[in-house]
**Student:** 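Next up is a structure, given as structure tokens.
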Amino acid sequence: MKKKNGFFARNAQLIVPLLSILALIVFNLFRDPSFFSISLSVNNSGNTVLTGNLISILNGASELAVLAMGMTLVTAASGGQDISVGALAAIAGSVFVKVLRAGEITPVTVVVAFLLCCVVAMIFGVFNGTLVAVFKIQPMIATLVLYTCGRSIAYWINGGASPTVASPILTAIGSFIPGVPIPTPILIVALCGVIFALVFRFTTLRLYTQAVGINQRAARLNGINAVGIKILAFMILGICCAVSGCIAVARLGYLNHETVLLEIEMDAILAVAIGGNALGGGRFKMAGSVLGAYAIQTLTTTLYAMRVPSTAVKSYKAIVIILIVVIGSPMVKEAFGRMVGRIKAARADGKEAA
Amino acid sequence: MAGKTIKRREPLTDTQLLLTITICIFAVMYAAAMAIWGGGFLRWQQVFDMLNNNASLIIVACSLTIVMIGGGIDISVGGVTSLVVMSCVVHLNGGGSIPTSILMALAIGLCFGLVHGYLIAYLEIQPFIITLAGMFFARGMTTIVSLEPQNVAHEGFQALMNRKIEIPFLGYTAKNGNLIPARMELGVVVALAIVALVYIMLRFTRLGRNIYALGGNSQSALMLGINVRRTRFISYVLSGLLAGIGGYVFMMHTGAGNASNAAGAEMNAIASSIIGGTLLTGGVGNVIGTFFGVMTLATIKSIVTTSGLREPWWQSITTGAMLCFFILLQSVVLSRRGKGGLKRPAWLGGKIKG
């Protein structure tokens with residue numbers, strides 16, 4: 001945190017996600033120079049909108065980016081991962097749909113539905129958080145409960161159907177607000193990012209979370225309510241799940257409890273890891289996780305653009321993931337650190353000599 | 001022997017305690033099912049049906065138990081299972097023989113195990129990420145091998161698949177007076193043999209003891225002169241190998257390859273291990289418990305179907321609730337013994353006996 005560390009040293013953990021995005025971009029530029037062209041076009045409903053692969057990457061990664069933000073906090077505070085985010089987003093989405101289908105869809109009902117699904121997701125977040133913080137259960141195991149039954153609960157809420165909702169307001173949330181050329185989900189992610197940045201700037205949440213993650217006992221002895229911080233982290237993740245569940249529902253216009261945000265928990269954890277955050281908790285950089293989310297989406301979009309069948313995308317993704325983590329592994333990092341150390345020593349020698 | 005026991009008594013008694021709880025709960029649940037619903041539950045065939053349906057899961061859960069006792073996690077097992085099934089089906093339909101298909105299953109499992117083990121043990125990358133990538137890779141490869149579901153047409157294999165071991169004295173007399181013997185598939189024999197072998201390996205060999213030591217505290221294990229890296233490596237290799245065998249047994253049960261085979265098997269296997277008393281933190285666990293964990297899950301499923309809760313969501317909701325109950329019970333029991341947690345919640349103080 002000291003000023004003497006340069007910008008690069010402070011943001012060293014962002015190097016891996018940035019480099020992987022950069023490598024993918026360069027790869028794409030060589031493969032197809034027009035890959036990143038962005039153009040203005042008019043869509044079906046008569047809006048002037050931005051289109052292009054870059055926009056679709058940013059747009060498509062929205063749900064993942066929001067979840068990755070919450071996951072970073074949970075990872076940092078509890079030293080474990082929540083594997084129930086996909087299921088929880090499905091529950092939140094089904095509450096959203098249930099409320100919207102109860103009556104006419106107006107801006108007020110959308111807000112009410114959103115707030116209600118936030119509350120439901122927060123309650124489930126508190127459930128997970130209590131298991132983790134109070135009962136000292138490993139996060140992955142504690143959230144396995146909701147992972148196992150979450151999608152069934154979502155199914156149950158809507159009485160065993162895949163309900164559809166259609167409204168201009170939902171279209172505005174899921175794709176474009178009339179007159180704004182940028183897809184709304186991108187704006188929602190930006191809003192979430194700003195909110196988190198403000199919270200971290202003006203509250204002690206970041207400091208306390210890191211303290212709890214690094215050494216819970218020491219944090220408690222310093223008067224930090226470790227249990228409360230952990231539960232709070234899971235609650236915030238719950239809200240993130242609600243946001244991404246609502247984005248997904250608004251984007252698709254229907255809710256299929258089996259397929260909505262399927263396996264996104266794995267991608268979210270991956271985003272946190274690619275972002276250079278230790279999965280064992282402690283120090284974290286939320287920007288890293290968001291970059292990680294965009295790296296994953298860039299990879300997926302690249303693979304689709306290369307006409308890899310959608311079912312086989314996972315295999316290629318796995319190879320790239322392994323490459324990224326091998327580059328970021330402690331062994332390789334150590335070698336890199338030794339190299340940096342030698343350069344620094346050489347510089348210091350030079351200064352002394354001068 | 002006496003000197004050794006003193007050092008190892010603490011983790012072992014935890015293991016035995018959790019094992020006893022699991023077996024008791026299984027027995028109580030099964031007895032309750034027999035008392036309330038009678039019918040099928042009174043017949044031995046019910047037990048054998050559960051074994052027949054879950055032989056593959058038992059093997060896969062054993063592999064997870066080994067890895068989890070060693071303090072790691074392997075979530076690729078379901079993917080490896082489905083890849084093995086699909087490859088072997090394609091191989092057999094393409095004119096392969098049974099011995100080569102068995103070799104193929106073992107080789108696929110071994111390859112995954114070796115790669116995971118090397119990356120996790122020697123490059124010190126987080127096991128969750130590596131095995132997640134392994135799962136993605138295996139699932140993607142399954143669809144690359146074949147996208148269409150297909151049945152095994154090989155005659156020799158069909159004979160093998162349909163051969164059932166008949167146990168007349170555990171059979172029941174049908175309404176028309178015929179004695180119907182209990183039927184057990186060959187895969188169950190394999191599964192039980194593997195449970196026995198893994199039990200002996202963990203309990204009586206140096207490797208097994210090393211795995212417990214590694215999971216209990218890898219730092220102390222290192223100081224005791226245990227080759228921590230090699231032990232960790234071998235635990236993942238064994239896990240991969242067992243997943244390969246599990247895949248073959250899965251194929252012997254279903255006789256068909258399908259891209260969605262063994263979907264969610266990894267989470268079922270983790271859940272079984274936990275119910276069986278294995279702690280994700282490592283160092284505590286037992287394959288006998290895992291076996292009963294699988295049977296407990298199977299019993300829950302049969303109870304849900306028998307009791308007339310026909311809606312599709314009840315099965316996973318009850319499974320989730322049971323899982324929640326088990327992990328809470330474990331947490332309370334362990335924290336009562338002053339292990340596995342700092343403090344138990346005040347409102348539970350002294351109510352539950354360990």
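Each chain gets a letter, A, B and so on, in the order its sequence line appears, and its residues count up from 1.
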**Student:** Does any heavy atom of chain A fall under 4.5 Å from the side chain of B/M135, the backbone, both, or neither of them?
**Tutor:** side chain
**Student:** Could you look at B/E124 and say if it's the side chain, the backbone, both or neither that has a heavy atom under 4.5 Å from chain A?
**Tutor:** both
**Student:** Working to the nearest 0.5 angstrom, can you tell me the gap between B/I327 CD1 and A/K136 NZ?
**Tutor:** 14.0 Å
**Student:** Chain B heavy atoms under 4.5 Å from A/I321: which part of the residue, side chain, backbone, both or neither?
**Tutor:** side chain
**Student:** With rounding to the nearest 0.5 angstrom, report the CH2 to OH distance, B/W313 to A/Y155.
**Tutor:** 6.5 Å
**Student:** Just so I understand: if I count every heavy-atom pair under 4.5 Å between each of B/T142, B/I75, B/L328 and chain A, which residue has the most?
**Tutor:** B/L328
**Student:** Any side-chain heavy-atom pair from B/V332 and A/F135 closer than 4.5 angstrom?
**Tutor:** yes
**Student:** Calculate, to the nearest 0.5 Å, the distance between atoms CG and CZ belonging to A/D267 and B/F136 respectively.
**Tutor:** 5.0 Å
**Student:** Against chain A, work out which of B/I270, B/I73, B/I129 has the most heavy-atom pairs shorter than 4.5 Å and name it.
**Tutor:** B/I129
**Student:** Please say whether more than 12 non-hydrogen atoms of neighbouring residues, nucleotides or ligands are located less than 6.0 Å from CZ in B/F128.
**Tutor:** yes
**Student:** More than 12 heavy atoms of other residues, nucleotides or ligands under 6.0 Å from OH of B/Y122: is that the case?
**Tutor:** yes
**Student:** With rounding to the nearest 0.5 Å, note down the distance linking OG1 in A/T148 to CG in B/N268.
**Tutor:** 7.5 Å
**Student:** Are the side chain of A/S315 and the backbone of B/M141 linked by a donor-acceptor contact shorter than 3.5 Å?
**Tutor:** yes
**Student:** With respect to chain B, which residue among A/R151, A/M140, A/E263 yields the maximal number of heavy-atom pairs within a distance under 4.5 Å?
**Tutor:** A/M140
**Student:** Let me confirm one number: the CG-CG distance from B/L323 to A/L144, rounded to the nearest 0.5 Å.
**Tutor:** 5.0 Å
**Student:** Heavy atoms only: give me the nearest B/A133-A/A318 pair and the separation to one decimal.
**Tutor:** O-CB, 3.0 Å
**Student:** Check each atom of A/V320 against the heavy atoms of chain B and say whether the ones under 4.5 Å are side chain, backbone, both or neither.
**Tutor:** neither
**Student:** Top residue by heavy-atom pair count (under 4.5 Å) with chain A, among B/T318, B/T319, B/V115, B/L123?
**Tutor:** B/L123
**Student:** Can you tell me which portion of A/L131 sits under 4.5 Å from chain B's heavy atoms? Options are side chain, backbone, both or neither.
**Tutor:** side chain
**Student:** Please flag which part of B/I144 lies under 4.5 Å from any non-hydrogen atom of chain A: side chain, backbone, both or neither.
**Tutor:** side chain
**Student:** With a 4.5 angstrom heavy-atom cut-off, which part of A/I141 approaches chain B: side chain, backbone, both or neither?
**Tutor:** both
**Student:** Is B/L132 close to chain A through its backbone or its side chain, or both, or neither, when contacts mean heavy atoms under 4.5 Å?
**Tutor:** side chain
**Student:** Using modelled atom types only, decide if a donor and an acceptor are shared between the side chain of B/S316 and the backbone of A/S152 within a distance under 3.5 Å.
**Tutor:** no
**Student:** Is it the backbone or the side chain of A/I83 that comes under 4.5 Å from a heavy atom of chain B, or both, or neither?
**Tutor:** side chain
